[in-house]
Amino acid sequence: VSPFLSLLLSISAGLSEAELDSMKFLCRDKITKKRRESVRSGRELFEILMEQQHIASDNLHFLRKLLKDLRRGDLLSQLQQFEEEGELGTPGDQPDEQEKPNDVICENVGRDWKKLLRELGMAEVKLDRIEADYQFKLYEQLFQGLREWQRWKGKDAKVADLIKALRDCRLNLVADLVEE
């Protein structure tokens, strides 16, 4: 289970009906009236906010603002604890900075991004989700795909694997740029 989704579920459970109404009011500029009126729980509100990319596990600014405006320090503490635990886990789980050639790859791969990520072993379902989440944003699709691959592989996400996958996809020029 995703720690982020668990956090949202916990926050949702802690909201009163009046607080949910206040949150919906604060989301007037983010969510249409029709969608706001259909929301019956914090979970449903968070789903919409995630769909529209106003909140994400690595983008908690808007959620933090909502909780501050509600004056829910207890829920803010849960959010802060989630962030701290995420930061503690990040260094060991992610490759070193020199092993993040994402910019070079994103600027040069283009429409073959799915082929590259398949070569890296990513599941087709994840690729489809990324494609749907970032429709018509080719650079962002590849960037998010590479981030997902790094999260999935953790310490085992190596530049050598990226270079090999690029070469296997006949993207030798990009592989050469990454090696540099």
S.K.: Rounded to the nearest 0.5 Å, how far apart are NZ of K65 and CG of L60?
M.R.: 15.0 Å

S.K.: In chain order, what residues pass the side chain to side chain contact (heavy atoms under 4.5 Å, CB included) check against E107, with sequence neighbours excluded?
M.R.: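 Partners of E107 under the side chain to side chain contact (heavy atoms under 4.5 Å, CB included) test: D103, Y139.
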
S.K.: Any idea which heavy atoms bring L120 and W152 closest together, and the distance?
M.R.: O-CZ3, 3.5 Å

S.K.: Closest heavy-atom contact between E119 and C169?
M.R.: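 Minimum heavy-atom separation between E119 and C169: CB-SG, 3.9 Å.
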
S.K.: Please determine which of R118, K115, R129 meets the salt bridge (Lys or Arg N to Asp or Glu O under 4.0 Å) test together with E124.
M.R.: R118

S.K.: From K68 NZ over to L79 CG, what is the distance, rounded to the nearest 0.5 angstrom?
M.R.: 9.5 Å

S.K.: Would you find a donor on one side and an acceptor on the other, under 3.5 Å apart, between the side chain of S22 and the backbone of A18?
M.R.: yes

S.K.: Can you name the closest pair of heavy atoms from I31 and Q52 and give their distance?
M.R.: CG1-OE1, 3.9 Å

S.K.: Is V109 reachable from I163 through a run of hydrophobic residues whose side-chain heavy atoms are each under 4.5 Å from the next?
M.R.: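 Yes.
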
S.K.: How long is the gap from CZ on R43 to CD1 on I48, to the nearest 0.5 Å?
M.R.: 10.5 Å

S.K.: Does a side-chain heavy-atom distance below 4.5 Å link L146 with L142?
M.R.: yes

S.K.: Can you see which heavy atom on L15 is nearest to which on G42, and at what distance?
M.R.: CD1-CA, 4.2 Å

S.K.: Apply salt bridge (Lys or Arg N to Asp or Glu O under 4.0 Å) to the pair R147 and D58, showing each step before the final yes or no.
M.R.: CA-CA 12 Å; R147 277 183 70 192; D58 58 350; 2.4 Å; yes

S.K.: Sequence neighbours excluded, which residues qualify as salt bridge (Lys or Arg N to Asp or Glu O under 4.0 Å) partners of K164?
M.R.: D168

S.K.: Under a 4.0 Å N-O cut-off, is there an ion pair linking E131 with K137?
M.R.: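 No.
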
S.K.: Please say yes or no: joined through hydrophobic side-chain contacts below 4.5 Å, possibly via intermediate residues, are L5 and L7 part of one cluster?
M.R.: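 L5 and L7: one cluster.
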
S.K.: May I ask you to decide whether E51 forms a salt bridge with R35, counting only side-chain N to carboxylate O separations under 4.0 Å?
M.R.: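 Judged by the 4.0 Å cut-off on N to carboxylate O distance, E51 and R35 do form a salt bridge.
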
S.K.: Taking C-beta and beyond as the side chain, do L9 and F46 meet within less than 4.5 Å on heavy atoms?
M.R.: no

S.K.: Where is the tightest heavy-atom contact between H54 and F62, given as atom of each residue plus distance?
M.R.: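 The pair with the smallest heavy-atom distance is O-CB, 3.6 Å.
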
S.K.: Mark yes or no for whether R40, through its side chain, and E37, through its backbone, hold a donor-acceptor pair below 3.5 Å.
M.R.: yes

S.K.: Donor-acceptor pair, distance only, cut-off 3.5 Å: does the side chain of Q144 make one with the backbone of E140?
M.R.: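 Not confirmed, Q144 side chain does not pair with E140 backbone.
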
S.K.: Please round to the nearest 0.5 Å and tell me the distance separating atom OG of S12 and atom CE of M23.
M.R.: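 Atom-to-atom, S12:OG and M23:CE are 9.0 Å apart.
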
S.K.: N172: which residues meet the side chain to side chain contact (heavy atoms under 4.5 Å, CB included) condition with it, sequence neighbours left out?
M.R.: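 Result, side chain to side chain contact (heavy atoms under 4.5 Å, CB included) vs N172: R167.
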
S.K.: May I ask you to say whether R151 pairs ionically with E148, meaning some side-chain N is under 4.0 Å from a carboxylate O?
M.R.: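 Looking at E148 together with R151, the answer is yes, because their closest N to O distance falls below 4.0 Å.
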
S.K.: Calculate, to the nearest 0.5 Å, the distance between atoms CD1 and CG belonging to I55 and L63 respectively.
M.R.: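 Rounded to the nearest 0.5 Å, the CD1-CG separation comes to 5.5 Å.
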
S.K.: Would L66 and C27 satisfy side-chain contact (heavy atoms from CB on, under 4.5 Å), going step by step from the backbone distance to the final call?
M.R.: CA-CA 9 Å; L66 287 174; C27 292; 4.2 Å; yes

S.K.: For the pair K153 and D161, find out whether any cationic side-chain nitrogen is under 4.0 Å from an anionic carboxylate oxygen.
M.R.: no

S.K.: Using 0.5 Å steps for rounding, measure from the OG atom of S16 to the CZ atom of R72.
M.R.: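 Going from the OG atom of S16 to the CZ atom of R72 covers 7.0 Å.
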
S.K.: Salt bridge or not between D128 and K114? Use side-chain N to carboxylate O under 4.0 Å.
M.R.: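 So D128 pairs with K114 through a salt bridge.
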
S.K.: Looking only at heavy atoms, what is the nearest atom pair of A165 and L116, with distance?
M.R.: CB-CD1, 3.7 Å

S.K.: Indicate if F143 and Y134 have the same hydrophobic cluster label, given that clusters are the connected sets of ILVMFWY residues with side-chain heavy-atom separations under 4.5 angstrom.
M.R.: no

S.K.: Side chains of E83 and R64, heavy atoms from C-beta outward: is any pair under 4.5 Å?
M.R.: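 SC-SC contact between E83 and R64 confirmed.
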
S.K.: Among L171, L166, N108, I105, exactly one meets side-chain contact (heavy atoms from CB on, under 4.5 Å) together with L177. Which residue is that?
M.R.: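 Looking at L171, L166, N108, I105, the match for L177 under the side-chain contact (heavy atoms from CB on, under 4.5 Å) is N108.
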
S.K.: If you define the side chain from C-beta out and look only at heavy atoms, does anything of E179 sit under 4.5 Å from D176?
M.R.: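 Yes, their side chains come closer than 4.5 Å.
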
S.K.: Side-chain heavy atoms nearer than 4.5 Å, only ILVMFWY residues, links allowed to pass through others: does that put F82 and M50 together?
M.R.: yes

S.K.: When hydrophobic residues are tied together by side-chain contacts of less than 4.5 Å, even through go-betweens, does L8 share a cluster with L70?
M.R.: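 L8 and L70: one cluster.
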
